[in-house]
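These figures come from a predicted structure and were not determined experimentally. Chain A is the first sequence line, chain B the second, and so forth, proteins listed ahead of strands; every chain is numbered from 1.
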There are 2 protein chains.
Amino acid sequence: MTEQENKTIDKREQILDVAEDLFSLHGFEAVSVREISKAADINIAMISYYFGSKEKLYEEVVIRKLTTSDKIIDVISKQEKYADKLYAIIDLYIDRFFANRKLNNIIFREMALGQRTEMTELITERLFQNFQIISEVIKKGIKSGEFNKVDVELTATTIIGTIKLYTTSTPIVCRILKINESDMSYTNKMKKRLSVYFRELFSNYLEIK
Amino acid sequence: MTEQENKTIDKREQILDVAEDLFSLHGFEAVSVREISKAADINIAMISYYFGSKEKLYEEVVIRKLTTSDKIIDVISKQEKYADKLYAIIDLYIDRFFANRKLNNIIFREMALGQRTEMTELITERLFQNFQIISEVIKKGIKSGEFNKVDVELTATTIIGTIKLYTTSTPIVCRILKINESDMSYTNKMKKRLSVYFRELFSNYLEIK
DNA sequence: GTCTATATATGGATAGAC
DNA sequence: GTCTATCCATATATAGAC
């Protein structure tokens, strides 16, 4: 790879990062390519040059992180008990949701709009896989006799729904937990607290004592 | 009230209903006043006439349903056990979230944007009240010895988070539950299922046996 | 690859006739 | 209250010079 090619990729990534920030903060329609070009410190024409259009840029912002390969199977296989498998997945999802907060904002807004496009199909597919993984573990746990017979789908949505609320509705969550919104140091404490909470919740609901 | 006044109120309400639909479907920025006026079958100039601006119209769409008085206190007081109080609140919230699906879409999108405006303050305040009511019941239940000592705030967010996922991420939920998205008859079944699920979940987690 | 200048469309809002 | 016509700001996208 030549230095020039490297530079080009950097520029592209730089634009994508800035765009992700802005789209996450204000939504697709509210952000202009002018803003993006200004924030990314590039000429406005470069966005058309690199991506073709604002819409294509938006799609690439979403898709680039959606297609990263999954190492979740490894995480699961390391644990013997189904409960531990589940908790390992939950911890992984907590990490991911907090790390990809911005992208999640974009994704779930797109979901809420509920318009069928190529992109929403891709997102739905991806989120569905997450649910499938959780559901599978719970189902197998039930079959093995380790878990109670519970509503598998709703249990899975409780996990996603609760974590999602924490990463996409910051103002209200900060209000509830009496945290200063500008103080982002709470993230780690929050992740730990969520992790502990799910263990307590499901050790009562799921695990047969 | 004269007939003319009545007609005016109807027109206003009509515009507000149509606007709520469109804002919920596409978001504030993506909807033009031209679209709204067309869909509401009124002249475009009437929106300025009635509301002053697009933004004011948007605010009124949100605020009009946010200021309805609460009968939640009645619902709680009818129940003796804290568990039954909690389940009564949950059922009420399930009803409300499903009934106000469109508005919730708008509200939580506004939350996700996380920009401090007069309106978001109002929304945050309102949502916070919901959390407070749930939290209070759980706290009192713990104090009375009826409930286990749990993470009160996270338990409350699980309730809201799970219900919210069902009403704001329809495509993925339909996918999970293997429901046809266009078939809206599932709503009642879904509400019942959620209600039963929360009872099972919390009878294990909260209630001391 | 990078820039300026511009074509073109669409948006919100309102002046002024009725 | 209702409408048409129009103003003006801002948007995306691109042609063409360098």
Report task. Return each pair, listed once, that meets salt bridge (Lys or Arg N to Asp or Glu O under 4.0 Å) where at least one residue sits in residues 111-125 of chain A; pairs must be two or more places apart or across chains. Result -> A/R116-A/E121, A/R116-B/E181, A/E125-B/R175
Query - d(CD1, B/I42; C1', D/dT4) in whole Å - result: 15 Å
Query raised in the report: With the sugar-phosphate defined as primed atoms, P, OP1 and OP2, and the base as all remaining atoms, what B/S/- string results for nucleotides 13-18 of chain C, 5' to 3', for protein heavy atoms under 4.0 Å?
Result: BB----
Report summary line: With sequence neighbours left out, the residues meeting salt bridge (Lys or Arg N to Asp or Glu O under 4.0 Å) with A/K54 are none
Requested in this report: Write down the distance between CG (A/D10) and P (C/dT2), rounded to a whole number of angstrom.
Outcome: 12 Å
Query - Listed partners of B/D151 passing salt bridge (Lys or Arg N to Asp or Glu O under 4.0 Å), at least two apart - result: A/R193
Query raised in the report: How large an angle, rounded to 10°, do the end axes of the helix from C/dG1-D/dC18 to C/dC18-D/dG1 enclose when each is built from five base pairs?
Result: 10°
Report summary line: Separation of D/dT10 atom P from B/E29 atom CD, nearest Å, is 14 Å
Query raised in the report: Parallel under 30°, tilted from 30 to 60°, perpendicular over 60°: which one fits the rings of A/Y205 and A/F202?
Result: tilted
Would you mind writing out the side-chain donor-acceptor pairs for residues 97-105 of chain A within the sub-3.5 Å range, not counting sequence neighbours?
from: A/N100; atom 1: ND2; to: A/R96; atom 2: O; distance (Å): 3.4
from: A/K102; atom 1: NZ; to: A/D21; atom 2: OD1; distance (Å): 2.8
from: A/N104; atom 1: ND2; to: A/F97; atom 2: O; distance (Å): 3.3
from: A/N104; atom 1: ND2; to: A/N100; atom 2: O; distance (Å): 3.3
from: A/N105; atom 1: ND2; to: B/A112; atom 2: O; distance (Å): 3.4

Query - Rounded distance in Å - CD (A/E35) to P (D/dA9) - result: 19 Å
Query raised in the report: How would you list, by chain and number, every residue that makes a side-chain hydrogen bond (donor to acceptor under 3.5 Å, both in side chains) with A/T157, sequence neighbours excluded?
Result: B/Y166
Query - Selection residues 25-48 of chain B - residue pairs positive for side chain to side chain donor-acceptor pair (under 3.5 Å), sequence neighbours left out - result: A/Q115-B/H26
Requested in this report: Would you check, one step at a time, whether the test side chain to side chain donor-acceptor pair (under 3.5 Å) holds for A/T162 with A/Y197?
Outcome: CA-CA 11 Å; A/T162 304; A/Y197 167 70; 5.7 Å; no
Query - For atom NZ of B/K11 and atom C1' of D/dT2, their distance in whole Å - result: 10 Å
Query raised in the report: Rounded to whole angstrom units, what separation is found between the NZ atom of A/K38 and the C1' atom of D/dT10?
Result: 13 Å
Query raised in the report: Expressed in angstrom and rounded to an integer, what is the separation of B/R12 atom CZ from D/dT2 atom C1'?
Result: 16 Å
Query raised in the report: Rounded to the Å, how far apart are A/H26 NE2 and D/dT10 P?
Result: 16 Å
Query raised in the report: When you check the phosphate oxygens OP1 and OP2 of D/dT4, does a side-chain N or O of B/N43 lie under 4.0 Å from one of them?
Result: yes
Requested in this report: Output every pair passing ring pair (Phe, Tyr, Trp, His ring centres under 6.0 Å) with a member in residues 27-47 of chain B, not counting sequence neighbours, ordered by first then second residue.
Outcome: B/F23-B/F28, B/F28-B/Y58
